[in-house]
2 protein chains.
Amino acid sequence: MQLNNDKMDQILLNFLARYVILSEEEQNVILELAIFKSFRKGTILLKEGQLSKDAYFVLQGCIRCYYIVDTEEKTTAFYTESETFNPPGALNHTPSEYYVDCLEDSILIVASSETDEELFVKYPVLEKLCRLVSEDLHSKSQIAFDNFKISTPEQRYLNLLEIRPDLAQRIPQYHLASYLGITPQSLSRMRKRLVRKAS
Amino acid sequence: MQLNNDKMDQILLNFLARYVILSEEEQNVILELAIFKSFRKGTILLKEGQLSKDAYFVLQGCIRCYYIVDTEEKTTAFYTESETFNPPGALNHTPSEYYVDCLEDSILIVASSETDEELFVKYPVLEKLCRLVSEDLHSKSQIAFDNFKISTPEQRYLNLLEIRPDLAQRIPQYHLASYLGITPQSLSRMRKRLVRKAS
DNA sequence: TAAACTCGTTACCTTAAGTTAAGAAACGAT
DNA sequence: ATCGTTTCTTAACTTAAGGTAACGAGTTTA
């Protein structure tokens with residue numbers, strides 16, 4: 001699918017409209033600030049040790065967050081269309097402990113979190129918008145954490161198939177396995193077990 | 001330790017001062033709204049199925065968040081002094097899927113999240129405060145999630161001892177085990193293994 | 001075309017967690 | 001002081017995940 005500029009603007013505004021009603025002027029202010037960038041599959045957006053002050057909104061494609069522990073990648077999150085990724089730790093100006101890369105060719109909105117205080121004063125609704133988005137993301141993230149904790153790897157896999165069936169299609173198994181907290185071999189075995197159970 | 005009202009006010013203001021500078025008037029507005037409540041150990045603050053619109057700030061004591069899955073309690077979080085708990089899902093007015101109880105006699109500030117829009121208009125700094133707190137909590141929650149995912153139960157336990165040694169002291173082992181994602185028996189075995197390794 | 005690489009699967013063995021059951025220790029209430 | 005509840009530990013057995021290695025299918029590269 002090809003995205004032209006108008007479509008991309010519209011995707012962003014649709015997302016924001018879930019939270020607040022924006023006047024035309026406010027919409028334009030945001031669109032002025034939004035920087036659209038394209039990245040090739042495999043591009044590394046953030047490395048361990050770097051300071052990240054950018055937040056990402058995915059217009060198209062998929063980005064992944066992962067740690068490297070003893071040479072091994074541990075994937076903790078995927079973000080796809082109309083999802084936002086606000087790198088944790090960015091607020092405190094602490095160096096990143098994780099990596100972010102593009103699993104597919106992606107079009108992202110890169111928002112510098114050098115939030116302009118004046119802008120919030122001039123357009124208080126923007127501060128409200130940020131509050132509401134943050135509260136929503138926090139709430140969702142906590143629920144996801146809870147579900148992860150109270151589930152076995154098998155339940156997590158079945159849950160993933162149910163909640164985000166697209167991921168199971170577009171993401172390599174070994175990344176999924178890592179995301180589920182197991183090895184690719186274990187995932188492979190698990191899938192065999194599940195087929196056996198089902199029949 | 002006994003807490004009088006002035007001390008309690010001060011604890012809350014100290015917490016808020018981490019995020020914004022408040023004028024005396026703004027401080028008083030917040031203290032007016034803050035409702036201090038005492039609860040006996042064992043009190044259930046929220047049950048599955050209930051609508052929760054209250055957020056909690058712990059002045060003294062400890063509260064716990066848990067799910068009940070097949071008659072079994074699965075603990076997902078503890079909150080102690082100067083920590084806030086904003087029940088996820090409250091925003092969407094969806095019934096709670098989890099329980100919250102007091103593990104100790106506790107003094108909490110109960111904040112109704114029926115946030116007064118007028119108040120934010122009159123005191124924009126309060127909206128900023130909420131945004132900053134929410135962003136901070138989200139960031140911390142994501143980092144905690146990441147750490148949980150990339151760790152084994154043993155690493156989680158060792159990490160807990162390092163980061164929150166107080167919890168290991170004041171919380172029963174079987175709750176800790178549940179929090180770590182294992183059974184009390186496994187935690188008991190693990191502790192024995194660790195002692196053996198250490199020597 | 002051949003070699004290299006990526007990705008998924010299978011197998012064998014080891015390690016640790018779950019399950020069930022039982023008993024010991026600590027704590028509270030009468 | 002005693003009874004009962006709560007909490008922690010231990011043990012024997014079962015289940016599933018980790019580590020290592022090898023194989024094969026599909027792609028990319030030379």
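What you see is a predicted model; the values in this text were computed from it and never measured.
Using a 4.0 Å heavy-atom distance criterion, S188(B) is classed as a base contact. Across all strands shown, R191(B) has heavy atoms under 4.0 Å from sugar-phosphate atoms exclusively, and none from any base.
Rounded to whole angstrom, the span from the CG atom of L194(A) across to the P atom of dA16(D) amounts to 10 Å. One interatomic measurement links the two molecules: CZ of R193(B) to P of dT10(D), which rounds to 13 Å at whole-angstrom precision. What separates CD of Q185(A) from P of dT10(C) is a distance of 12 Å, to the nearest Å. In this entry the distance linking CG of L187(B) with P of dG18(C) reads 10 Å, nearest Å. Computed from coordinates, the Q155(B) CD to dG18(D) P distance equals 12 Å when rounded to whole Å. Per the geometry, CZ belonging to R189(A) stands 8 Å off C1' belonging to dG18(D), to the nearest Å. In this structure, the CD1 atom of I182(A) is 16 Å from the C1' atom of dA16(C), given to the nearest Å. Summarising the geometry, the separation between CG on L103(B) and P on dT7(D) is reported as 10 Å, rounded to the nearest angstrom.
For Q173(B) against dT9(D), a side-chain-to-base donor-acceptor contact under 3.5 Å is absent.
Here the side chain of K192(B) is nearest to one of dT10(D), dT7(D), dA17(C), namely dT10(D). With dG19(D), dT9(D), dC7(C) as the candidates, the nucleotide lying closest to the side chain of P184(B) is dT9(D).
Taking side-chain N and O atoms only, T183(A) has no distance below 4.0 Å to OP1 or OP2 of dA17(D).
The existence of a salt bridge linking E135(A) and R131(A) is confirmed by a sub-4.0 Å separation between a basic side-chain nitrogen and an acidic carboxylate oxygen. Using a cut-off of 4.0 Å between Lys/Arg side-chain N and Asp/Glu carboxylate O, R64(A) and E104(A) are scored as not salt-bridged.
Between P153(B) and S186(A), the one whose closest nucleotide on DNA chain C sits nearer the 5' end is S186(A).
For an aromatic pair to be called close, the ring centres must be under 6.0 Å apart, and Y67(A) with Y99(A) fails this. When ring centroids are compared, Y66(A) and Y98(A) stay outside the 6.0 Å threshold.
Judged purely by distance below 3.5 Å, without hydrogens or angles, the side chains of S139(A) and Q142(A) never pair a donor atom with an acceptor atom.
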